Amino acid sequence: MPLSGSSCMLDIQLLRTQPDLVSERLAARGFQWDRTEFQALEEERKTVQTRTQELQAKRNASSKAIGAAKGRGEDTTDLMAEVNQIAAELAAGEARVAELQDQLEALLLNFPNLPHASVPAGSSDKDNVEVRRWGTPRVFDFSVKDHTEVGEALGQLDFAAAVKISGARFSVLKGGLARLHRALGQFMLDVHTTEHGYTEAYVPYMVNADSMRGTGQLPKFEEDLFGIPRGDQGKFYLVPTAEVPLTNLVRGEILEASALPLRMTAHTPCFRSEAGSYGRDVKGMIRQHQFDKVELVQIVHPEQSYAALEALTGHAETILQRLELPYRVMALCTGDLGNGAAKTYDLEVWVPAQDTYREISSCSNFEAYQARRLQARFRNDKGRPELVHTLNGSGVAVGRALVAILENYQQADGSLMVPKVLQPYLGGLQVITRL
RNA sequence: GGAGAGCUGGCCGAGUGGUCGAAGGCACUCCCCUGCUAAGGGAGCAUAGGACCAAAAAUUCUAUCGAGGGUUCGAAUCCCUCGCUCUCCGCCA
């Protein structure tokens with residue numbers, strides 16, 4: 001079997017022809033690759049594959065000759081003997097090629113994407129660069145409560161009940177807050193579909209392993225996912241983000257250039273095991289096993305992807321602006337970039353009780369990283385299939401938006417103001433009071 | 001859950017061991033003819049990987065007929081496992 005492009009997240013031609021460039025860009029995000037091993041594998045692959053293909057050609061020709069001879073009623077003993085002579089070497093060669101390709105694949109599958117040239121250099125989130133800031137944090141004339149206190153005081157946010165039903169990192173919303181939570185998702189979808197040109201989609205919340213591989217969650221991040229065994233049929237995975245089902249819509253497709261860009265959005269629950277986050281955000285709704293999110297996905301022409309990233313980030317910002325929530329836009333540095341991202345902007349919303357900004361959206365351009373795994377292509381000017389670029393971003397995380405509202409819209413008497421844009425979704429309700 | 005039938009190129013569809021990467025048709029592209037809105041003729045038209053090349057094109061080799069494995073000198077065709085689709089029955093939001 002040939003080494004398909006999908007087995008590698010980077011263009012293998014690039015690794016062959018410009019290893020120095022690849023090393024340099026990977027080093028920028030703190031990733032070292034084993035060039036010696038790669039080159040050794042490549043060298044052997046080349047000789048063995050070439051030889052094996054020669055043998056295959058020979059076998060095919062002989063087999064054809066046997067067929068023709070039999071058709072004429074001639075004796076084929078000599079021809080058969082000829083083929084049998086190369087049989088052993090051929091079988092060994094085919095096995096070795098498969099083995100080498102598996103090894104190459106294993107080596108390459110965990111490569112992160114190459115960061116775009118415009119990504120600031122750095123090693124951790126401390127080196128992220130603030131791009132812009134919107135809104136002014138409200139000045140409170142009373143001592144601010146954090147979102148858990150506000151919600152619990154309203155009698156509409158119940159962590160104890162969630163622990164009883166499920167366990168830690170879940171929450172139960174009731175009454176006005178549950179309705180506000182629902183309103184947030186509706187509002188976001190409405191804005192994106194009517195103003196930003198996204199097509200709303202309803203998608204599965206459980207997906208197969210191929211889909212998780214396609215967008216890059218597998219094989220490297222299995223421990224972050226919830227898997228559901230299904231007998232001998234492998235397993236389902238609960239989606240950690242609607243990015244997975246939405247982006248996988250184009251897996252294996254060759255799109256007409258005129259179909260681009262594709263803009264899709266979906267409101268789904270997201271499930272994350274949060275392995276390795278022990279002790280972080282243990283209290284409250286910031287980090288949950290289950291949360292809602294409205295996701296934005298774009299499938300675009302490669303030349304358009306950076307313009308699309310700016311636009312998509314703007315679409316997410318619109319939500320925070322309409323909700324009148326102060327935020328800032330951060331350009332992630334090379335060291336803080338997600339595995340598949342070439343460039344990412346995080347939106348961080350103001351959280352008064354923590355006196356800081358917290359991530360509420362992450363907007364990324366994956367360039368061809370996901371497209372290569374997905375084999376998602378379009379027909380270019382020359383009529384040739386070419387990989388698309390994929391982008392996605394939260395537009396925005398519903399749970400964290402609720403956190404931000406609980407804190408930014410709290411009042412001294414313990415009630416909660418309803419953001420103006422959401423009031424129509426709550427039948428005109430302006431204030432949520434104790435249940 | 002039970003019984004049965006299927007899965008072939010963008011689409012339809014032929015093909016039950018050999019010269020089949022795949023007839024024929026539709027769609028599409030180019031050319032010719034025709035001048036009246038439709039028809040005729042010709043050619044082309046899958047994807048991926050390798051070799052060659054500075055690169056591209058061309059050429060050439062290999063792989064791919066739901067997926068994976070097996071039998072065979074040779075598999076779309078035979079065998080096994082799995083997935084999916086359809087029909088009937090049962091169940092059900």
Side-chain angles (χ1 to χ4, degrees), chain A residues 1-21 38-39 41-105 108 202 204-214 229-237 248 250-259 368 371-388:
Chain A
M1 286 301 263
L3 183 62
S4 74
S6 61
S7 62
C8 174
M9 58 189 60
L10 298 178
D11 185 357
I12 194 165
Q13 301 290 0
L14 197 65
L15 300 192
R16 286 175 186 144
T17 57
Q18 301 195 61
D20 291 336
L21 176 75
F38 174 76
Q39 276 161 5
L41 285 170
E42 260 297 281
E43 206 164 301
E44 191 184 352
R45 191 226 89 230
K46 189 167 165 174
T47 52
V48 177
Q49 184 172 10
T50 307
R51 173 64 182 156
T52 301
Q53 289 189 347
E54 275 171 21
L55 292 174
Q56 284 173 325
K58 200 166 159 188
R59 183 218 41 213
N60 290 346
S62 298
S63 292
K64 246 179 200 185
I66 290 171
K70 282 202 167 166
R72 292 189 301 267
E74 296 171 7
D75 177 61
T76 57
T77 320
D78 289 349
L79 280 167
M80 303 257 281
E82 218 170 273
V83 178
N84 282 324
Q85 268 178 1
I86 62 169
E89 191 188 346
L90 179 57
E94 284 177 339
R96 185 62 187 149
V97 170
E99 214 172 270
L100 287 165
Q101 284 173 340
D102 283 350
Q103 285 176 31
L104 275 166
E105 183 169 321
L108 300 177
Y202 171 79
Y205 301 158
M206 299 194 287
V207 302
N208 56 36
D210 283 344
S211 293
M212 286 296 187
R213 251 190 300 279
R230 43 185 311 228
D232 51 4
Q233 296 170 31
K235 60 167 109 162
F236 283 133
Y237 292 90
N248 270 278
V250 295
R251 187 172 89 217
E253 301 290 329
I254 300 176
L255 304 161
E256 289 307 320
S258 61
R372 183 168 290 109
R373 294 170 154 243
L374 293 160
Q375 283 301 293
R377 294 164 291 175
F378 72 104
R379 219 166 270 288
N380 65 20
D381 305 346
K382 294 173 190 134
R384 305 294 305 163
E386 183 180 332
L387 295 169
V388 297

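A, B, ... follow the sequence lines: proteins, then strands. Residue 1 opens every chain. The shown structure was predicted, so the numbers you read here are calculated from the model rather than taken from an experiment.
Of the side-chain N and O atoms in A:Arg377, one or more sit less than 4.0 angstrom from OP1 or OP2 of B:rA48. Taking 4.0 angstrom as the limit, A:Gln13 places a side-chain polar atom (N or O) nearer than this to OP1 or OP2 of B:rG50. A sub-4.0 Å separation between OP1 or OP2 of B:rG18 and a side-chain N or O of A:Arg72 is absent. OP1 or OP2 of B:rA51 sits under 4.0 Å from a side-chain N or O of A:Lys46.
Two residues are said to be in side-chain contact when any heavy atoms from C-beta on lie closer than 4.5 Å; A:Gln101 and A:Gln49 meet this criterion. Considering only heavy atoms from C-beta on, A:Glu43 stays 4.5 Å or farther from A:Lys46 through its side chain. By the 4.5 Å heavy-atom criterion applied to side chains, A:Leu108 and A:Ile12 are counted as neighbours.
Using a 4.0 Å heavy-atom cutoff across all strands shown, A:Lys70 reaches at least one base atom of the nucleic acid. Residue A:Glu253 is classed as having no contact, given no heavy-atom separation below 4.0 Å to the nucleic acid.
The pair A:Glu89-A:Arg51 counts as a salt bridge, with a side-chain nitrogen and a carboxylate oxygen less than 4.0 angstrom apart.
When the P atom of B:rU72 is taken as reference, atom NZ of A:Lys64 falls 22 Å away, rounded to whole Å. Whole-Å rounding puts the A:Glu94 CD to B:rG74 C1' distance at 13 Å. The distance between atom CG of A:Asp210 and atom P of B:rA67, rounded to the nearest whole Å, is 13 Å. At whole-Å resolution of the value, CD in A:Glu82 and P in B:rU72 are 20 Å apart. Spacing between atom CG of A:Asn84 and atom P of B:rU72 amounts to 10 Å, rounded to whole angstrom units. The CZ atom of A:Arg251 sits 13 Å away from the C1' atom of B:rA67 (whole-angstrom rounding). Going from atom CZ of A:Arg384 over to atom P of B:rG44 covers 17 Å, rounded to whole Å. The CG atom of A:Asp78 sits 13 Å away from the C1' atom of B:rC73 (whole-angstrom rounding).
Comparing the same atom, C1', in B:rA22 and in B:rG83 gives a spacing of 24 Å after rounding to whole Å. A gap of 14 Å separates the P atoms of B:rU8 and B:rG15, to the nearest Å. Across the C1' atoms, B:rC45 and B:rG9 are found 11 Å apart, a figure rounded to whole Å. To the nearest whole angstrom, the two P atoms, one in B:rG2 and one in B:rC91, are 15 Å apart. Taking atom C1' on both B:rG70 and B:rA14, the two are 28 Å apart, rounded to the nearest angstrom. For the P atom pair drawn from B:rG21 and B:rU16, the interatomic distance equals 16 Å after rounding to whole Å. For the P atoms, the distance from B:rG18 to B:rG90 is 45 Å, rounded to whole Å. Comparing the same atom, P, in B:rG10 and in B:rA3 gives a spacing of 35 Å after rounding to whole Å.
Remark: A:Lys70 NZ to A:Asp75 CG distance equals 10.0 Å, nearest 0.5 Å. For the atom pair CG (A:Leu79) and NZ (A:Lys64), the distance works out to 14.5 Å, reported to the nearest 0.5 Å.
Under the Watson-Crick or G-U wobble criterion, with both distances below 3.5 Å, B:rG1 is paired with B:rC89. In this structure, B:rU59 and B:rA51 make a Watson-Crick or G-U wobble pair, each of the two defining distances being under 3.5 angstrom. Under the Watson-Crick or G-U wobble criterion, with both distances below 3.5 Å, B:rC11 is paired with B:rG25. If you check B:rC20 for Watson-Crick or wobble pairing at under 3.5 angstrom, you find it has no partner at all. In a base pair of the Watson-Crick type (N1 to N3 plus N6-O4 or O6-N4) or a G-U wobble (N1-O2 and O6-N3), with each distance short of 3.5 Å, B:rC82 is matched with B:rG66. B:rC36: no Watson-Crick or G-U partner with both key distances under 3.5 Å is found in any strand. Base pairing of B:rU77: no nucleotide in any strand meets the Watson-Crick or G-U wobble criterion (both distances under 3.5 Å). Applying the Watson-Crick and G-U wobble criteria (two distances, each under 3.5 Å), B:rC30 pairs with B:rG42.
Ranked by how close their nearest RNA chain B nucleotide is to the 5' end, A:Arg59 and A:Thr50 are led by A:Thr50. Comparing A:Gly67 and A:Arg379 by the nucleotide of RNA chain B whose heavy atom lies nearest to each, the residue mapping closer to the 5' end is A:Gly67.
Looking only at atom types and distance, the side chain of A:Asn208 has a donor-acceptor partner in the side chain of A:Ser211 under 3.5 Å away.
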Within the sub-3.5 Å range, which N or O atoms of nucleotides 59-61 of chain B have a protein N or O partner, and how far apart are they?
from	atom 1	to	atom 2	distance (Å)
B:rC61	O2	A:Gln53	OE1	3.4

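Residues A:Arg373 and A:Arg213 come closest through the heavy atom pair NH1-O, 2.5 Å.
Checked against ring pair (Phe, Tyr, Trp, His ring centres under 6.0 Å), A:Tyr237 has no partners two or more places apart in sequence or in another chain.
Here the nucleotide nearest the side chain of A:Gln375, chosen from B:rG18, B:rG50, B:rA48, is B:rA48.
Not one N or O on the side chain of A:Gln18 forms a donor-acceptor pair closer than 3.5 Å with the backbone of A:Leu15.
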